[in-house]
Structure formats: structure tokens, C-alpha cells
There are 2 protein chains.
Amino acid sequence: MTPTPARPMPEPSEPSGGQTNPLQDFDLAGFLPYRLAAAAARTSRAFADRYREEFGISIPEWRVLAHLHHAGPVSVRDIEARADMEKSKVSRAASRLERAGYISKAVNDTDKRLLELQLTESGRELMRQLLPVAIQFQAEMVERLGPAAERLDAALGVLLAPGPGGRKE
Amino acid sequence: MTPTPARPMPEPSEPSGGQTNPLQDFDLAGFLPYRLAAAAARTSRAFADRYREEFGISIPEWRVLAHLHHAGPVSVRDIEARADMEKSKVSRAASRLERAGYISKAVNDTDKRLLELQLTESGRELMRQLLPVAIQFQAEMVERLGPAAERLDAALGVLLAPGPGGRKE
DNA sequence: TTGACATTGTTGCACCTGCAATAAACCTTT
DNA sequence: AAAGGTTTATTGCAGGTGCAACAATGTCAA
């Protein structure tokens with residue numbers, strides 16, 4: 001396209017003869033946060049495409065279902081912590097799932113502020129269909145990544161560890 | 001007394017005496033797509049927190065600015081492809097940036113369907129402040145990851161490669 | 001040239017999202 | 001027990017999002 005980039009303003013404050021300027025050369029395609037976000041978005045979309053049309057649930061709903069399947073009756077706050085979602089997001093996903101008949105809400109006896117979210121039989125049946133899809137998807141992903149799969153997982157472990165970037169101080 | 005722990009649904013297709021059922025034991029915390037999405041969300045949020053308050057721009061806007069800085073005058077469709085965003089998202093981010101005075105829109109002479117988005121001087125000045133923040137953030141991220149940084153990048157390369165999960169067939 | 005089809009960017013729409021405000025329940029101190 | 005503060009879940013609101021529809025422009029074969 002443009003042969004000579006013109007160098008419009010030869011900043012006199014740069015006395016060095018360095019040929020590459022990291023500020024000039026900055027490229028989104030090599031920026032780790034961008035790459036991570038783009039890869040995650042693609043992956044989530046590809047996975048969601050597997051179940052959205054057939055089962056009519058969204059990603060937040062999937063996360064709530066998966067955690068309920070794993071953990072039994074739990075509160076909204078518990079899902080908030082374990083499924084990396086804002087509590088309002090959890091609350092709304094839970095309401096949609098309840099409306100659809102997949103989960104039930106009950107108040108905790110010993111602490112009436114807490115809810116006890118729980119899969120209904122219909123919800124368990126849904127999970128019997130959803131989990132194989134998820135496991136299959138992960139298997140394909142691991143196969144595609146090859147030996148990089150474990151390394152990716154290890155790196156994600158670092159990024160997900162508490163500390164810098166943790167939800168709340 | 002049979003010490004068998006109930007085994008609620010003895011799937012007849014599983015003749016083995018395996019003690020763990022991957023469907024029962026499924027845990028979101030070990031699910032690669034979830035881990036990837038959560039790590040990306042944390043990272044993006046942490047990065048956005050660095051510039052949102054001070055500069056008032058969002059992630060889509062940052063991406064548009066970064067690509068314009070790197071590539072010069074380009075169309076919406078070009079950003080759509082290179083910054084992994086829906087064209088409507090690009091269009092709206094560009095409108096906000098134009099309103100804020102950071103970029104200019106012009107119609108391409110040879111193809112009047114195309115726009116030529118371009119940084120204004122104000123936009124270039126903004127990038128002179130933003131890029132060091134981005135470079136610093138990435139440096140901290142790489143330091144935190146240690147040797148896992150390169151491996152993460154390689155794995156992301158696999159996931160971002162065209163093919164399965166590519167935007168459009 | 002014309003007419004059919006493709007591409008580009010914007011917008012209407014329904015929905016989702018994060019944040020702050022809120023009500024209800026709980027806890028602690030007096 | 002009452003007051004003041006904390007925790008939990010929900011909701012109002014302003015704005016963002018994806019998708020489909022659309023108008024404008026371009027392409028190409030007949």
C-alpha cells in the first residue's frame with residue numbers, strides 16, 4: 001500500500017538509532033490479552049452452538065446447570081463464586097431456568113436469605129443429554145491442541161489463581 | 001451386606017467396574033472452555049480497568065484504536081476481520097470514537113461502500129498514552145506466567161487458527 | 001446497458017449486562 | 001430487645017450486544 005510510511009514527526013527526543021519502535025509496531029494480533037479474549041470467545045461460541053439450538057439454553061444457564069449438577073443444592077452466592085458470574089447474572093439465569101422447569105428454588109431453613117437452587121428431574125434429564133456434548137467438545141479441543149492442551153491448562157491455572165485480578169480485594 | 005454405594009443408574013453399556021463416572025464427576029472448574037472463558041474475562045477486565053477510568057474508552061473502542069494505529073486507514077470490514085468483532089460492534093465503536101474526536105470517517109474514493117477510518121491527531125495522542133499501558137500490562141502478564149507464557153501463546157495460536165470455529169465457512 | 005446478485009455499513013429490535021439501589025434476613029453490640 | 005451494620009438475592013436503569021433487515025454501492029454476465 002503506502003511504500004514509505006512518511007515518518008511524519010521525527011521526534012527529536014529519540015536519540016537512539018533503534019530500528020524498531022514497540023509503540024509504532026504494536027499489533028493487536030500479538031497482544032496476549034486480545035489473543036486470549038478472542039480464543040475464548042471463539043471457543044465459547046463454538047460450544048454454545050452445540051447446545052443452544054437443540055436445548056435452548058445460554059452460556060450463563062449452562063454454567064448454573066453444570067454447577068448444580070456437580071454440587072447439589074447451593075445458593076446464588078455459591079454459584080457466583082464458583083462459576084465466575086455476577087450475582088445478578090446468576091439470579092437471572094436461575095429465574096429463566098426455573099421458569100423452564102429445570103431447577104427449583106427454595107429458601108434455606110437455617111438462613112432465610114439463602115436460596116437453595118437444585119436441579120429438578122427435568123433438569124437432571126437435560127444434564128444427561130448436555131454433559132456428553134460438553135465432554136465430547138472438550139475431547140475435540142484437547143485433540144486439536146495436542147500436547148499444548150496440558151500447557152494451556154497450566155497457564156490458565158496461573159491466570160485463574162487468586163491474587164492480581166481476583167474478583168474482590 | 002453389599003457395600004455397594006447404591007449406583008443409581010447402572011448403565012448396561014458399561015461393563016467395567018470403574019469407580020468414577022465422568023458424568024457424575026463433571027466439574028466446571030476442570031472444563032477447558034470454561035477455564036479459558038473465565039481467564040479471558042478476568043484478564044480483559046483487569047486490563048480495561050487500567051484505561052477505562054482514565055481515558056473513558058471501552059474494550060471494543062480500544063481494539064478499533066489499536067488496529068487503526070497499527071494499520072492506518074482501514075474499513076469497518078477490515079477491523080471486523082482483524083479485531084474479531086461483529087461489524088455492528090465495530091460500527092458502533094467507530095461512531096463513539098468519532099463522536100469523541102479520536103477517529104475520522106471518510107468514504108473511499110474508488111469504492112463508495114467502504115469507509116476509511118483513521119486516527120485523528122487527538123486519537124494518535126491518545127494512543128501515545130494508551131500503548132505504554134498495554135505494553136506494561138502484557139509485560140506483567142508474561143512475568144506472572146513465567147515460562148508458561150510462550151506455551152499459552154502457542155496454544156492460543158492453535159485455537160485462533162482458521163478452521164473449526166472460524167467465523168464463517 | 002440492464003438486471004440479478006453480492007458486499008458494505010447502519011440501524012431497529014429484543015435481549016443481555018453490569019452497576020447501584022433496595023428489601024429482607026442475619027449478626028453484633030449494648 | 002433494639003439499633004446499627006452486614007450479607008444475600010432481586011430489580012431498575014442505562015447502555016451494550018447479536019442478529020436480521022435494509023439502503024447504498026459495486027460486480028458481472030447476458
Side-chain angles (χ1 to χ4, degrees), chain A residues 37-38 40-42 44-49 52-53 56-64 67-68 73-100 103-118 167-168, chain B residues 37-38 40-42 44-46 48-49 52-53 56-64 67-68 73-100 103-118 167-169:
Chain A
R42 268 205 201 183
S44 287
R45 163 176 288 257
F47 178 43
D49 284 347
R52 194 186 35 205
E53 190 175 357
I57 66 170
S58 67
I59 291 179
E61 287 155 19
W62 147 257
R63 287 193 189 174
V64 169
H67 187 61
L68 287 186
V74 292
S75 66
V76 168
R77 147 179 145 286
D78 190 272
I79 301 178
E80 177 185 7
R82 294 239 172 63
D84 197 61
M85 299 167 63
E86 291 284 325
K87 60 184 177 178
S88 61
K89 210 172 178 177
V90 176
S91 176
R92 281 156 173 153
S95 293
R96 291 190 292 261
L97 290 171
E98 187 193 28
R99 219 174 301 136
I103 73 172
S104 63
K105 287 184 187 178
V107 285
N108 184 307
D109 282 352
T110 68
D111 186 340
K112 294 201 183 83
R113 292 170 305 178
L114 297 174
L115 282 186
E116 280 182 358
L117 304 179
Q118 198 167 188
R167 269 281 175 211
K168 294 173 184 175
Chain B
R42 270 204 201 185
S44 288
R45 162 177 289 258
D49 285 348
R52 195 187 35 202
E53 191 176 356
I57 66 170
S58 67
I59 292 179
E61 287 155 19
W62 148 256
R63 288 194 189 173
V64 169
H67 187 61
L68 287 187
V74 292
S75 67
V76 168
R77 144 179 147 285
D78 189 272
I79 301 180
E80 176 185 8
R82 296 240 170 62
D84 196 62
M85 298 168 63
E86 291 284 326
K87 60 182 178 177
S88 61
K89 210 172 177 175
V90 176
S91 175
R92 281 155 172 155
S95 293
R96 292 190 291 262
L97 289 171
E98 188 192 27
R99 221 174 300 136
I103 73 172
S104 63
K105 288 184 188 178
V107 286
N108 184 307
D109 282 350
T110 69
D111 186 340
K112 296 204 182 81
R113 294 170 304 177
L114 297 174
L115 282 186
E116 282 182 358
L117 304 179
Q118 198 167 187
R167 269 283 172 210
K168 295 172 182 175
E169 287 292 306

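Numbers restart at 1 for each chain; the letters A, B, ... are given by sequence-line order, proteins then strands.
Here C/dC15 presents its C1' atom at 15 Å from CD1 of A/I59, a figure rounded to the nearest Å. Atom pair A/K89:NZ and C/dG18:C1' shows a separation of 9 Å (rounding to whole Å applied). Rounded to whole Å, atom P of D/dT17 lies 13 Å from atom CZ of A/R45. As a whole-Å value, the separation of B/N108 CG from C/dT8 P is 12 Å. The nearest whole Å value for the distance from the CE atom in A/M85 to the P atom in C/dC19 is 14 Å. Following rounding to the nearest Å, B/D84 (CG) and D/dT17 (P) show an atom-to-atom distance of 13 Å. The CD-P distance, from B/E98 to C/dG9, rounds to 14 Å in whole Å. Atom CG of B/D49 is separated from atom P of C/dC19 by 9 Å (rounded to the nearest Å).
Mapping B/D109 and B/S58 onto DNA chain D via the closest heavy atom, the residue that lands nearer the 5' end is B/S58.
The side-chain contact (heavy atoms from CB on, under 4.5 Å) search around B/S104 returns B/Q118, B/T120, not counting sequence neighbours. Partners of B/A81 according to the side-chain contact (heavy atoms from CB on, under 4.5 Å) rule, which considers only residues two or more places apart in sequence or in another chain, do not exist here. For the salt bridge (charged side-chain N to carboxylate O under 4.0 Å, His left out) test, residues two or more places apart in sequence or in another chain that qualify with A/R113 are A/D111. With sequence neighbours excluded, no residue forms a side-chain hydrogen bond (donor to acceptor under 3.5 Å, both in side chains) with A/R92. Scanning for side-chain contact (heavy atoms from CB on, under 4.5 Å) contacts around A/A100 gives A/Y102, with sequence neighbours left out.
Under 4.0 angstrom from either OP1 or OP2 of C/dG18 there lies no side-chain N or O belonging to B/R52.
Rounded to the nearest 0.5 angstrom, B/E53 CD and B/D49 CG are separated by 8.5 Å.
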Review point. What one-letter contact string describes nucleotides 5-15 of chain D from 5' to 3', where B marks a base within less than 4.0 Å of any protein heavy atom, S marks contact via sugar-phosphate atoms alone, and - marks no contact?
Key: --BSBBBBB--
